[in-house]
Amino acid sequence: MKVLEIKDLVIEYQTMDGTVHAVNNINLDLEEGETLGLVGETGAGKTTTALGVLRLIPDPPGVIKSGQILLKGKDIMKMSGEELRAMRGDEISMIFQDPMTALNPVLTVGEQIAEIYFLHNDCSRAESMEKAREMLEMVGIPGERADEYPHQFSGGMKQRVVIAIALACQPALIIADEPTTALDVTIQAQVLDMMKNLKDQLETAMLLITHDLGVVAEVCDKVAIMYAGEIVEYGTLEHIFNHTMHPYTMGLFNSLPSLDKDADRLRPIHGLMPDPTDLPSGCPFHPRCPYARPECAESHPELRDYGDGHLARCLFCDGQLGAENTAEEENPAVAAAAEKQQQTPDVLLEAVHLKKYFQTRGGLLHAVDDISFTIERGKTLGVVGESGCGKSTLGRALIGLNEATDGQVLFEGQDVTHLKGRERRKFLTNMQMIFQDPFSSLDPRKTVFEQIAAPLRINKVCRNKRELEQRVADLMETVGLARRLTYSYPHELDGGRRQRIGVARALALEPKFIVCDEPVSALDVSIQAQVLNLLQDLQAAKNLTYIFITHDLSVVRHISDDIMVMYVGCMVEKCASHELFDYPLHPYTKGMLSAVPIPSINVEKKRIIMQGELTSPVNPKPGCRFANRCPYATDECRSVQPAVEEVRPNHFVACHHVREINGL
Amino acid sequence: MLRFIGRRLLVMIPVLLGVLIIVYALSCFMPGDPVINKLGTQNYTQEQYDAMEHQLGLDQPFVVRLGSYLWGVVTRLDLGESYATNRPVTESLAQRVGVSIQLGLMSLCLAGILGIPIGIFSAVRQNTIPDYTITTLSIILASLPGFWLAMEAILIFSAKLRILPASGLTSWKHYIMPVACASMMTLASLVRMTRSSMLEVIRQDYIRTARSKGMKETRVIFKHALKNALIPVITVLGNQVGMVVGGSIIIETIFNIPGMGSLMLSAINQRDYPVIMGVTLVTSVFVCICNLVVDIVYSLVDPQIRSQFVSGKKRGGKEKTEKEAAA
């Protein structure tokens, strides 16, 4: 039986700039117990579709223009307010993206779950609280924590609470909007696993909204790919992953860095998602499509069935795509990149027993605890770890934004740990940082020119205005920013272009070393691929050295020569990039690697689900910090902190039992 | 929690001392001479002047006067005697403070009872005609000077219509105009605060979550949004409560009400230092106490602030039980 049917749904937003065509003629249906993945980049209309199903589109400015939404045959569009309220939370429930903000801070989590029973099942307060406790147990939280408030829970725990709210009334349909995007991989694995189990147990249908094809491969039965408010491809997992038809879907796959292969260069989709107030004529994807022909700009393709329920919206996707007409410039830098491997080792930066502690109310927070490593000139060291493991603090301590508590940073053999004043400023021209969020790291009141010129001005690099303008123009060209954007403000630009400003700013003083702190994590995959390529090209051309901080393992594999894995302030493993993925030795690394959802359905993988969460870095107990989650932990692990050892050539691990575990 | 309150009370001591010293210095260096005011005439001999100066203690150096005043306050709660009436300042303060508190609290209650619901209503009906009307009116009210409002009210209700008395405070009718006029400013700012804070809260994700649970809009507003929205409103209201004790100079003067405000005004005119100091001291004590009360009320509304009061020891204990439960 069909739980949900969406027919010709059109949703628009009336804004000052014109009508935003958020959702154009969408058709979807969902069987009982089935999971449909709705995939697309920012602005594709995924969340609008979901809110439309619950009739929760903010109105004004949003309007459901036309179409039908049938829940078990009943038309939601014709429901009265009373009927809608009875449906919401009881028959359809929603899991929202960000668990940090989805729960009310002034109500206990128990009250927030109990409310569902109170509203829909005519339960008394006491009964509802009792059921809420049961529900909490079901999602793996001790029932007595029902009386606590959201701020007392970690992100993963909060998302479990949100899921408990969604499942409370055993709805026929769950809409999950990016349910795991805000979570760390190991926590994501726990949550996805739990969602899958509960869904099977309760036979609930699910509409899963995500941008992560890995998550789709893991949980979905069917997939709909959205672009500019339309479904461009629709089919089973098999159809989408193994018989990809639409050029946009192909582009998404090509943009993804992969965990299991070493591609030199990503192949991003060029350009940007079109402005939804002003969609291009014909196929909305044609300006970015590598196979576009003149016809594509004229006629708007229909969603056609290419057999067996595999639908695609493209004029030529039945084997007539022809050759890509990409004009992608072959980069001379790539050849240089191959050359750099031959050079003799030349240590640019060395950290020696680096420590950074912060005094907090609860005690001493060990953000970076005794980390030592070296980076060679022209190489990239990837730093991976879950949020709160101290990777950003490490990056900031290296360039002196947080002065190290103890230990040394040596740059070209010179101790730069405690430089002050003028010396520090002079030295900083050698080291720069690219920041995580391009939306908040740029001053909104300064033009692109001002942003890039600032470091040049402060350090009085240019003698006159002409020279300054020339330098900025050169920098903009280097990072691929069009000349006409010189006097734009950050809010006029998209995330990818803003991050290019950040890169240009970092490059302005021609540093030798750049700390990239999650530079692509706020960007969509196709844009992420563009920025990653840019960083690689710049490295090859200017022999730059990077520290690349990220939580995304496939990105780090793609860009790094060496990888360091951090866990609660400590380094647990460090080795060459391919070695880490082929022979991970530390139990944490193994668990983390197995937790990454892989965007392919042909890989059989066994997953190690790590229970529990990160220990607190505040006043850590002696012993291995991973001991509470480690399946191999012994008493020794709980009392003595393991030292970093070279277990294989150039492969460093901090674990007491690394040899037994790996049979070395 | 008790430790927190104790600490805050201790912090009040340097604050109050600072206020006393600054106000004492300011009033002493103010132009004008209390001795001449006291003699009340231009015709006096140097002997009369010296005698009066000695009687008031003004012939001593500033530091000595300040020291002995502070000593009196701290050891005997002695605020000195009024230059004008020769009666102890504490006595006239005790007479006056009740009136001001009565008037002030009544006007604050009126402002709160009207302002918060109007603000909520305006936020819920954002961008409709009632909302535009309310916001426009509240801007007009907030920008009208209090004395103008009071005088217009007297003109209309006392002089023209003759239904309300213009001065004094002897029957319930006397309260209507002063209370209404005094509450207008607060009312207007409360409406605007509540509205903007409510608007911010109802755009939050957790309100969307609440709606997706299928509850009635009234429940969304009152159960989920209101408590969050009231947090900034409490700050404004709390500060206003503290100021109540000082009375309203303008309202009390216009309506001829014997409160702290009119006492302060006459004291300033007569260079009656002990009274100026007395009113200042009482007001600042109350403002400090009200700030403390506001912080305590915060912790009742916002559990995140509440958990800051829990001592580290107790929190550690909780963590332990969590781990045991997980194991």
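Naming: A, B, ... by sequence-line order, numbering from 1 per chain.
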- Task: Flag the one option from B:R211, B:M215, B:E217 with the top tally of heavy-atom pairs under 4.5 Å to chain A.
- Result: B:M215
- Message: Could you report the tightest heavy-atom contact between A:L119 and B:K213, atom names first, then the distance?
- Response: CD1-O, 4.0 Å
- From B:I207 CD1 over to A:N104 CG, what is the distance, rounded to the nearest 0.5 angstrom? 6.0 Å
- Note on the structure: Max heavy-atom pairs within cutoff under 4.5 Å with chain B, candidates A:L103, A:L107, A:I116, A:V106, goes to A:V106
- Could you tell me whether B:K223 and A:E115 have a side-chain N and a carboxylate O separated by less than 4.0 Å? no
- Atom pair CG (B:D205) and CD (A:Q97), whose distance is rounded to the nearest 0.5 Å: 8.5 Å
- So, the side chain of B:T209 versus the backbone of A:A102: is there a donor-acceptor pair under 3.5 Å, distance only? yes
- Message: Does B:Y298 have more than 12 heavy atoms from other residues, nucleotides or ligands lying within 6.0 Å of its OH?
- Response: yes
- Message: Let's test your reading of the structure: which of B:R203, B:K227, B:K216, B:Q204 forms the most heavy-atom pairs below 4.5 Å with chain A?
- Response: B:K216
- Note on the structure: CZ (A:R88) and OG (B:S212) are apart, to the nearest 0.5 Å, by 8.5 Å
- Item | Heavy atoms from other residues, nucleotides or ligands near CD of B:E200 exceed 12 (cutoff 6.0 Å) | no
- Would you say A:Y357 has more than 12 foreign heavy atoms packed within less than 6.0 Å of its OH? yes
- Is it the side chain or the backbone of A:L51 that comes within 4.5 Å of chain B heavy atoms, both, or neither? side chain
- Item | Flag side-chain contact, heavy atom, 4.5 Å: B:Y206 against A:T101 | no
- Where on A:I175 is there a heavy atom nearer than 4.5 Å to chain B: the side chain, the backbone, both, or neither? neither
- Task: Among A:Q112, A:M87, A:M94, single out the residue with the greatest number of heavy-atom pairs under 4.5 Å to chain B.
- Result: A:Q112
- Note on the structure: Heavy-atom closest pair (A:P105 atom, B:N228 atom, distance to 0.1 Å) is CG-OD1, 3.4 Å
- Out of A:Y149, A:F118, A:F96, which one racks up the most heavy-atom pairs below 4.5 Å with chain B? A:F96
- Is the number of heavy atoms from other residues, nucleotides or ligands under 6.0 Å of B:N127 CG greater than 12? yes
- Item | Contacting moiety of B:V201, where chain A heavy atoms sit under 4.5 Å | neither
